Amino acid sequence: MLSIQDKVQQLRSLVRLLSDASEEVIQSWLIDDALSNSFEDDTKSGSIPSHRLFEARRTLLGAAGMIIDIVQDPQARLMELAAQFYEARALHIAVQAGIPDILAEDNEEDGGEKGVSLEALALAGRTGINAQKLGSVLRCLCTAHVFSEVSPDTFANTPTSKCLVNNEPLQAWISHTMGVLSYETSRKLPEVVLDPTRTHSQAPLETAFQLAFDTPLSIWPPLYADYPWAELGDATIVDVGGGVGGMSLDLARMYPRLRFLIQDQPDVVTEARLVWQKEYSEALNAGRVQLMVHDFFTEQPFPGAEVYILRYILHDQNDKNCLKILRALRPALLIQPETSRILICDQILHTTFGSTTFPALNAPAPLPANYGDASRFAHMWDLSIMGTFTGKERTVDELSVLAKKAGLRVEKVWVCRGLVWITELRLGEEVDEELEEDLEEAQRDVESDTEVEEGSEE
Ligand SMILES: C[S@@+](CC[C@H](N)C(=O)[O-])C[C@H]1O[C@@H](n2cnc3c(N)ncnc32)[C@H](O)[C@@H]1O
C-alpha cells in the first residue's frame, strides 16, 4: 500500500513525464507539418510515425494510464473495466450500421462540422435503428471520442471515426473479426479457463472458439519499414506457412530485387497461385516468386536461404508445436550460418515487469516496463488468440527459451512502429534432442509420481 507521500511523488513525476512526452508529440507534429508530411494522414491508422513520435506516444499513453489508476477510485475503475465490452459492442453496432460512412456522406459540403440528426440517421433507408437506442449507442462512443455530438441529438465524425470512412478492411475487422469471431469466442473463454479439465488442454481444436461456434474446425485468420529489407539485395526469402503470400506480395512490390519462395498446404498453394496470377503475374512468370507445398513441421526442403519468415505462425501454436517448427528450420541455417536467419513476425508480448533477457526493451521508470496502457491491445489480443487457437502471444524471454531449445538464439528484436514486431533468430548451439526428450520425460514422471503421492494422502 502506497503512503500518501509516495502517491504524491508518483503522481507528480508521472505528470512531468506526461508533460515532457506531450511536448515531444507537439514538436513531432510541428516538424511533420513544416515538412508538409500531411498532418491529417498522421492521425489515420496505418501511417508510420517517426521513431520520436512512436516513443513519445507510448510514454504518454503509459503515463496517462498510470495516472488514471492512481487517481480513480479502485471500485469505480474495476466496474468500468468489467463493463468495457459495452463500449466495444457499441463500436461493433455503429460500424455494422455504417454510421461513419453516413456521417461522411451527409456532410461532404461542410466538412462534417454540422453533423447529422439522430432522426435522419434512424430513417428506414439509413440505419432503421430506433432513434433513442441509436442515441445511446452513439453517446457511449462520443464519450470515448469516437464520434461527437455537435448539437443536441446531432452527430458528426471525429478524427478517430473518420479513419473508418470507406475503410472496408478496418470496418470488416471491427464488425466481423472482433464483433463476431472474437466477441463470441471471448464469451466462452471463462468456460475454458475456469474448467478443471479444459483449462489444461493444449489441443488446438479444444479452444473457446470451438465452443462458441459449436464446430470441431479451426480458423486461420504488416513490418515493411523497420527491418532493413533493402540491404538484403537479391536474397531469397522463404515465406514459411506464407498463406497466399500476402507479406511476400507487399515486399516483392517494394523491393524488386528480392526473390521469394512461398510454402503452405496444398489447397492454400493452389489459391496462392491464382492470387499471384491476378496480382503480380510478372513476378510469377519470371520465376522471382515460386510456390511450394511444404508441411512446416517437417525439415525445410530449401536450405541456405538468407531469410525464413514465420508471420502469424508461432502465435497460433502451443510451445511443443513451435519447437517442432523451429527445429525443422534449424538445419536450413547450417549452410550459410553467417547470413541465414529466421524472422518471427508476431506481436511481442511485454509484461509490466519487463524482459530479463532484453532489458533495453523495458520502458524507463516510473512507467510499467511494457508502457502500460500502450500495451493493452497486445494483451487483449493474447486472450483472443488463447480463445481461438490455444496459441499465445509470447514475450521475448519466452521466445528466447524456445529458440535455445531448438538450437537457435534471439539475435535482435526489431521494434517495429506498429502492433507486430520482428524477432530475428540465428543459429545457436546444437541441442541434444534425445537428451532433451529424456529430461522432459523424467520431469513428467516426477510430476505424475508427485500427483499420485498427493492423491494417496487425501
Ligand atoms: C495465420 S495464417 C498466416 C499466413 C501468412 N504467414 C500471413 O502472415 O498472412 C497461418 C498459415 O499457416 C498455414 N499452415 C497451417 N499448418 C501448416 C503446416 N503444417 N505446414 C505449412 N503451412 C501450414 C495455414 O494454411 C495458413 O496459411
Side-chain angles (χ1 to χ4, degrees), residues 46 169 172-173 176-178 181-182 185 202-205 207 209 216-224 226-227 229 236-254 258 260-276 279-280 289-302 305 307-332 341-348 381-382 384-394 406 414 416 418-425:
W173 189 85
H176 186 72
T177 312
M178 290 296 109
L181 290 181
S182 285
T185 299
Q202 291 293 323
L205 299 179
T207 66
F209 173 79
L217 305 174
S218 173
I219 59 160
W220 291 109
L223 322 163
Y224 309 130
D226 288 332
Y227 189 81
W229 301 105
T236 296
I237 296 195
V238 181
D239 198 347
V240 183
V244 294
M247 180 164 179
S248 292
L249 188 60
D250 289 337
L251 287 173
R253 287 187 170 130
M254 293 171 76
L258 288 174
F260 298 88
L261 173 62
I262 299 155
Q263 303 175 325
D264 210 292
Q265 304 181 104
D267 290 356
V268 183
V269 167
T270 305
E271 199 187 326
R273 195 170 297 284
L274 296 176
V275 169
W276 281 82
E279 296 288 331
Y280 202 179
V289 173
Q290 306 213 8
L291 304 163
M292 167 186 210
V293 172
H294 169 58
D295 174 358
F296 52 44
F297 291 115
T298 62
E299 189 168 323
Q300 173 55 238
F302 192 88
V307 179
Y308 296 89
I309 289 180
L310 290 170
R311 187 179 79 162
Y312 303 148
I313 299 296
L314 297 189
H315 80 171
D316 290 347
Q317 308 285 343
N318 60 32
D319 283 355
K320 211 168 146 198
N321 282 350
C322 287
L323 210 49
K324 269 195 208 157
I325 294 170
L326 293 174
R327 278 185 176 151
L329 271 173
R330 185 179 187 272
R341 72 211 74 174
I342 297 168
L343 301 182
I344 300 172
C345 309
D346 270 329
Q347 290 207 54
I348 285 293
W381 195 242
D382 181 41
S384 165
I385 294 282
M386 177 170 101
T388 317
F389 300 107
T390 45
K392 69 195 288 285
E393 301 294 357
R394 292 178 172 82
W414 297 81
C416 303
L419 292 171
V420 176
W421 294 358
I422 296 179
T423 307
E424 178 167 336
L425 305 187

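Residue indices begin at 1 and follow the sequence shown. All values derive from a computational prediction rather than experimental measurement. Just so you know, ligand 1 is whichever comes first in the structure, and atom 1 is the first atom listed for that ligand.
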Subject >> Sequence-distant partners of Arg253, salt bridge (charged side-chain N to carboxylate O under 4.0 Å, His left out), two or more places apart >> reply: Glu279

Original post:
Any N or O on Gln265 sitting closer than 3.5 Å to an N or O of ligand 1?
Top reply: yes

Original post:
Is there any N or O on Gly241 that sits under 3.5 Å from an N or O of ligand 1?
Top reply: yes

Original post:
So how far is it from Met247 CE to Arg311 CZ, rounded to the nearest 0.5 Å?
Top reply: 6.0 Å

**OP:** Determine whether the side chain, the backbone, both or neither of Val268 has a heavy atom under 4.0 Å from any heavy atom of ligand 1.
**Re:** side chain

**OP:** Report the part of Ile313 (side chain from C-beta onward, or backbone N, CA, C, O) that has a heavy atom under 4.0 Å from ligand 1; answer both or neither where that applies.
**Re:** side chain

Subject >> Contact atoms of ligand 1, heavy-atom distance to Phe297 under 4.0 Å >> reply: 19 (N)

**OP:** Mind checking the CD-OG spacing from Gln263 to Ser248? Nearest 0.5 Å is all I need.
**Re:** 10.0 Å

Original post:
Does Glu424 have any salt bridge (charged side-chain N to carboxylate O under 4.0 Å, His left out) partners at least two apart in sequence or in another chain, and if so, which?
Top reply: Arg426

**OP:** Check each heavy atom of Asp316 against ligand 1 and say whether those closer than 4.0 Å belong to the side chain, the backbone, both or neither.
**Re:** side chain

**OP:** For side-chain contact (heavy atoms from CB on, under 4.5 Å), just list the numbers for Leu326 and Leu310, CA-CA rounded to whole Å, side-chain angles, deciding distance to a tenth of an Å, and then say yes or no.
**Re:** CA-CA 10 Å; Leu326 293 174; Leu310 290 170; 4.0 Å; yes

Original post:
With a cut-off of 4.0 Å, which atoms of ligand 1 are near a heavy atom of Asp295?
Top reply: 18 (C), 19 (N), 20 (N)

**OP:** Hey, could you give me the NE2/CG distance between His315 and Asp382, rounded to the nearest 0.5 Å?
**Re:** 10.5 Å

Original post:
Among Arg311, Gln317, Met247, whose heavy atom sits nearest atom 6 (N) of ligand 1?
Top reply: Arg311

Original post:
Side chain, backbone, both or neither: which part of His294 has a heavy atom under 4.0 Å from ligand 1?
Top reply: backbone

**OP:** Tell me, please: is Gly246 in heavy-atom contact with ligand 1, that is, under 4.0 Å?
**Re:** no

Original post:
Which atom names give the shortest non-hydrogen contact between Arg273 and Leu291, and what distance separates them?
Top reply: CA-CD1, 3.5 Å

